[in-house]
Amino acid sequence: MYSGFLIVIVPLVLGYFVALTQQKHIHWVNVSTSKMVYVILFLMGISLSHLDNFAQNIQNIGLYSFTVLACVSAANLLALWGLDKRLSKTVEGEGETLSKWHLILESVQLIFVIAAGFIIGLFVSPELIDIDTITEGALVLLLLFIGCQLRNSGMKLREILLNSWGIKIALVMMTSSWVGGLLAAFLLDIPLSNGLALASGFGWYSLSGILITDGLSPVFGGAAFIIDLGRELVAILIIPSLIRLHPSTAIGYAGATAMDFTLPMIQKSGGNGYVPLAIVSGFILSLASPLFISLFLAL
């Protein structure tokens with residue numbers, strides 16, 4: 001039952017033990033991770049093309065995606081807004097305007113990678129390719145790279161523990177996501193553990209999609225990808241308008257992407273003072289996402 005959990009934890013931990021001292025090696029890991037994301041999303045597309053009753057399954061993907069994203073987003077925004085009200089904290093600094101459309105286009109192009117895999121999969125018989133084994137191997141390699149990235153991200157444990165605001169944002173984000181996931185599971189009449197797993201991507205679409213595909217099915221994996229990609233797109237739209245007055249809400253809703261993809265928008269819109277906060281929150285959620293997804297899938 002816990003084999004899927006071990007497949008996630010072991011490579012993640014092994015990768016975390018790899019300390020890189022030269023910048024060229026860190027750059028190679030970052031580039032390799034980015035390329036592996038595209039490979040895995042391409043394989044996800046092939047898996048979707050091999051589904052039986054595709055029309056019915058695509059409807060299920062749409063229903064699961066919309067319901068979970070709506071429930072989780074509502075819970076996140078309400079809880080994070082409450083945190084902002086309770087803390088009443090802001091950081092001094094001038095923000096700038098950053099083009100949202102460039103970031104949105106970078107996110108949307110990942111959909112085209114899945115679509116390409118889907119189209120090619122239509123012409124490849126499932127008997128000719130063991131897509132599950134290939135995907136699992138690619139997943140292990142990706143997790144090794146991710147563990148290495150987290151170790152060499154520059155974040156020290158002391159820096160995380162001293163940033164109580166960032167920890168509070170991450171904890172509120174996680175717990176409210178699970179509340180939304182439980183509500184969505186109830187509405188969809190699916191196992192509660194599945195709802196919790198779908199809610200635990202925290203915006204990390206490239207990882208959540210493939211983990212849930214491997215642990216459940218391509219239908220749930222496709223839904224996880226859309227849920228977390230949707231979170232990122234919404235975050236891109238709301239960060240500029242919320243970051244100054246409701247920083248916990250803007251940074252928290254960005255989830256795991258606050259330490260990488262949406263960080264430039266947080267920095268430009270809010271100022272450099274919000275960067276450490278975003279990195280701490282994003283780091284905690286990035287570390288928690290694969291752990292909790294695999295844990296809930298093992299229940």
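Owing to the predicted nature of the structure, the values given are computational and were not obtained by experimental measurement. In this chain, numbering begins with 1 at the start of the sequence shown.
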Check step by step if side-chain contact (heavy atoms from CB on, under 4.5 Å) holds for N194 and Y64. CA-CA 11 Å; N194 291 6; Y64 294 160; over 6 Å; no
Evaluation steps, side-chain contact (heavy atoms from CB on, under 4.5 Å), between I46 and I134: CA-CA 11 Å; I46 294 178; I134 295 173; over 6 Å; no
Please report the C-alpha distance between L41 and F225 in whole Å, then the side-chain angles of each, then the deciding distance to 0.1 Å, and finally whether the side-chain contact (heavy atoms from CB on, under 4.5 Å) criterion is met. CA-CA 9 Å; L41 291 179; F225 172 81; 3.8 Å; yes
For side-chain contact (heavy atoms from CB on, under 4.5 Å), just list the numbers for V275 and I266, CA-CA rounded to whole Å, side-chain angles, deciding distance to a tenth of an Å, and then say yes or no. CA-CA 7 Å; V275 170; I266 291 169; 5.8 Å; no
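Residues V29 and V18 have side chains not in contact (no heavy-atom distance under 4.5 Å, counting atoms from C-beta outward). At a threshold of 4.5 Å between non-hydrogen side-chain atoms, the residues P240 and M265 count as touching. By the 4.5 Å heavy-atom criterion applied to side chains, C71 and L187 are counted as neighbours. When side chains are defined from C-beta on, I120 counts as touching F42, because their heavy atoms get closer than 4.5 Å. Side-chain contact between L233 and L237 is absent, with no heavy-atom pair separated by less than 4.5 Å.
With T175 contributing its side chain and V172 its backbone, the two residues share a donor-acceptor pair below 3.5 Å. In this structure, S281 contributes its side chain and L277 its backbone to no donor-acceptor pair below 3.5 Å. Panel note: side chain S193, backbone L297; no donor-acceptor pair is recorded below 3.5 Å. Panel note: side chain D84, backbone T249; a donor-acceptor pair is recorded below 3.5 Å. A donor-acceptor pair is defined here as one N or O able to donate and one able to accept, closer than 3.5 Å; no such pair exists between the side chain of S289 and the backbone of F202. Checking side-chain atoms of R244 against main-chain N and O of G270 turns up a donor-acceptor pair under 3.5 Å.
Atom-to-atom distance recorded for I61:CD1 and S217:OG is 8.0 Å, nearest 0.5 angstrom. Atom CD1 in I227 sits 8.0 Å away from atom OG in S208 (nearest 0.5 Å). With rounding to the nearest 0.5 Å, the separation of CE in M36 from OG in S32 is 9.0 Å. Atom CD1 of I239 is separated from atom OG1 of T257 by 6.5 Å, given to the nearest 0.5 angstrom. In this structure, the separation between CD1 on I190 and CG on N60 is 10.5 Å, given to the nearest 0.5 Å. Interatomic distance, L83 CG to N76 CG, rounded to the nearest 0.5 Å: 12.0 Å.
In the hydrophobic clustering of ILVMFWY residues, with side-chain heavy atoms under 4.5 Å counting as a link, V179 and I169 come out apart. A continuous path of Ile, Leu, Val, Met, Phe, Trp and Tyr side chains, each step under 4.5 Å between heavy atoms, connects L122 with I114, placing both in one hydrophobic cluster. Cluster annotation: I111 is connected to W204 through the hydrophobic network of ILVMFWY side chains, with a link wherever side-chain heavy atoms come within less than 4.5 Å. Both L291 and I293 are assigned to one and the same hydrophobic cluster, defined by single-linkage of ILVMFWY side chains at heavy-atom distances under 4.5 Å. No chain of hydrophobic side-chain contacts below 4.5 Å, direct or via other Ile, Leu, Val, Met, Phe, Trp or Tyr residues, connects L78 to L182.
The two residues D228 and G203 make their nearest non-hydrogen contact at OD1-N, 2.9 Å. I212 and A224 make their closest contact through CD1-CB, 3.6 Å (heavy atoms, listed as atom of the first residue, atom of the second, distance). Scanning all heavy atoms of the two residues, the minimum distance from A235 to A254 falls at CB-CA, 3.9 Å. The minimum heavy-atom distance linking L80 with M173 is given by the pair CD2-N, 4.5 Å. Across L211 and P290, no two heavy atoms sit closer than the pair CD1-CA, 3.9 Å. A pairwise comparison of heavy atoms in V72 and G181 identifies CG2-N, 3.8 Å as the closest pair.
Annotation: F145 is in aromatic contact with W28 [ring centroid separation under 6.0 Å].
For W81, the CH2 atom sits in a loose shell: 12 or fewer heavy atoms of surrounding residues, nucleotides or ligands are nearer than 6.0 Å. Counting heavy atoms of neighbouring residues, nucleotides and ligands inside a 6.0 Å radius, atom CZ of F66 does not exceed 12 of them.
Each of L198, L63, L183 was checked for a side-chain contact (heavy atoms from CB on, under 4.5 Å) with V68, and the lone residue meeting it is L198.
Defined by atom type and a distance below 3.5 Å, a donor-acceptor pair is present between the side-chain atoms of S248 and W165.
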